[in-house]
Amino acid sequence: MTNHDEDEPRGGLDVQLAAELIEKAKAQGVSLVGPDGLLAGITKTVLQAALEAEMSEHLGYDKGERPAEPIGNHRNGSSSKTVSTEVGPVQIQVPRDRSGEFEPQIVPKHARRIAGFDESIISLYAKGLTTGEIRAHLAEIYQVEVSRDLISRVTDKVVAEMEAWRARPLDGVYPVVLIDALYVKIREGQVANRPIYAALGINCHGERDVLGLWVGTGGEGAKHWMTVLAELRNRGVRDVCIACCDGLKGLPEAIEEIWPQATVQQCVVHLVRSSLRYASKTHWSRLTRDLRQIYTAPTESAAQQRFAEFEAEWGDRYPAIVRLWRDAWPTFTPFLAFPAEIRKIVYTTNAIESLNARFRQATRRRGHFPTEQAALKVLYLVIRQPLKNRPNVTGKTPGWKAALNALALHYGDRITLN
């Protein structure tokens, strides 16, 4: 059994070894990375030893030894090969056998990159770097020259994985589904702003997950949304309790058609944000304070009274804000019937907006995408690679147990934990 006392020396040895390597690099005047770097030399030694071990296992005897019995096959020299690694290019000697049956695993035949190098490219791509920027980064940090075409081929490997993800089966019931959109530039004959819609679901166990991504044309209505939501239903979503969205044209009608029992809730944060577009910045703080009085009201009748007071105060100056809230009232008021535990979850699409913030970070540097698939590929990689030590769109919903109890009281046996 391994205990803490046994682990501690090993950790200390790792630190000591790292410190010795750094000191050795300084003393010899060499860098840690790059073709002549210290880490490249160590990596070469490890890879070479691993290849020799693989050959020994393949033949049944070690290098320099003789087989116990004649086997008709033996070592037959080696061939030189340069592979890209995360510490720089490394030249290795790949051993050969006379019969040509040796198939190395750590550096497969025809492979020019060690496992982990492709993931580095994909990680940089997901962070928003263009193929040109990735190429320059690899050249500067690792002294590795790779082509734009190679980077495209590496990132294209995730396309099949992405399509399988977009078609995967989903849970039968989602207490909450949040839908939002961001705009990216896609060349379709000519460059145009195109919406990409993301649906985020929270299942009965409080687990958040992106259910899908869809590219729109910008002229969507109920017909378009029927196609999107029918796809979710066909993938297994038979019931949604609360669907929160940003008043997207045709979406409320499509939700009610696909899931007749669903409560359609307009995102309150979007409503407030849209209101401020009609107002002078000098009034923003007062407006947000007064609007907060409406959406934090304990009941719909109390909210109606506070809205009347808001209209009396601001109606003459900003009639467009009053009209905006009046038009949104049917999809805003369901929120007021929920207890505080549910309101915290559906009051805003913040969870999906944080995802959109990462989406925008990954897309803004590219100018435009050549195809829809290229845009979806980048967004999928953002979802696929969560940030370390940061809140992410996928994962557990904070305070879910209290919300689950409130949802069970409100929606009864539609909430299932099977």
Undergrad: Side-chain donor-acceptor pair under 3.5 Å between Y411 and Q261, yes or no?
TA: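 There is no such pair (donor and acceptor under 3.5 Å, judged by atom type) between the side chains of Y411 and Q261.
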Undergrad: As a quick check of understanding, evaluate side chain to side chain contact (heavy atoms under 4.5 Å, CB included) for W314 and R286, giving each step before the final call.
TA: CA-CA 10 Å; W314 297 101; R286 288 173 55 199; 3.6 Å; yes
Undergrad: Taking the six-membered ring for Trp, are W214 and H224 closer than 6.0 Å centroid to centroid?
TA: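 Ring centroids of W214 and H224 are no less than 6.0 Å from each other.
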Undergrad: Partners of H205 by ring pair (Phe, Tyr, Trp, His ring centres under 6.0 Å), sequence neighbours excluded?
TA: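 If we apply the ring pair (Phe, Tyr, Trp, His ring centres under 6.0 Å) test to H205, skipping adjacent residues, there are no hits.
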Undergrad: F338 vs H410 aromatic rings, parallel, tilted or perpendicular, using cut-offs 30° and 60°?
TA: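 If you compare the ring of F338 with that of H410, the planes turn out perpendicular.
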Undergrad: Ignoring hydrogens and angles, tell me if any N or O in the side chain of T331 forms a donor-acceptor pair with the backbone of V264 under 3.5 Å.
TA: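 Not at all, since once roles are kept as given, no pair shorter than 3.5 Å links the two residues.
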Undergrad: Flag the pair R273 and D246 as a salt bridge only when some basic side-chain nitrogen lies within less than 4.0 angstrom of an acidic carboxylate oxygen.
TA: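 Looking at D246 together with R273, the answer is no, because their closest N to O distance does not fall below 4.0 Å.
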Undergrad: Do other residues, nucleotides or ligands put more than 12 heavy atoms under 6.0 Å from D316 CG?
TA: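 Result for CG/D316: open.
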Undergrad: Looking at residues at least two apart in the chain, or sitting in another chain, which of them share a side chain to side chain contact (heavy atoms under 4.5 Å, CB included) with A192?
TA: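 Once residues adjacent in sequence are excluded, A192 has no partner under the side chain to side chain contact (heavy atoms under 4.5 Å, CB included) criterion.
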Undergrad: In Å and rounded to the nearest 0.5 Å, what is the NZ to CD distance from K396 to E207?
TA: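 Answer for the NZ-CD pair, K396 versus E207, is 5.0 Å.
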Undergrad: Kindly check if the number of other-residue, nucleotide or ligand heavy atoms within 6.0 Å of CZ (R323) is above 12?
TA: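 Result for CZ/R323: open.
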Undergrad: Passes side chain to side chain contact (heavy atoms under 4.5 Å, CB included), L213 versus F359? Steps please.
TA: CA-CA 12 Å; L213 295 169; F359 282 167; 4.2 Å; yes
Undergrad: Under 3.5 Å, which donor-acceptor pairs link side chains of residues 304-311 to any protein atom two or more places apart or in another chain?
TA:
{"from": "Q304", "atom 1": "OE1", "to": "W329", "atom 2": "NE1", "distance (Å)": "3.4"}
{"from": "Q305", "atom 1": "NE2", "to": "E309", "atom 2": "OE2", "distance (Å)": "3.3"}
{"from": "R306", "atom 1": "NH1", "to": "Q293", "atom 2": "O", "distance (Å)": "2.7"}
{"from": "E311", "atom 1": "OE1", "to": "R326", "atom 2": "NH2", "distance (Å)": "2.9"}
{"from": "E311", "atom 1": "OE2", "to": "R326", "atom 2": "NH2", "distance (Å)": "3.1"}

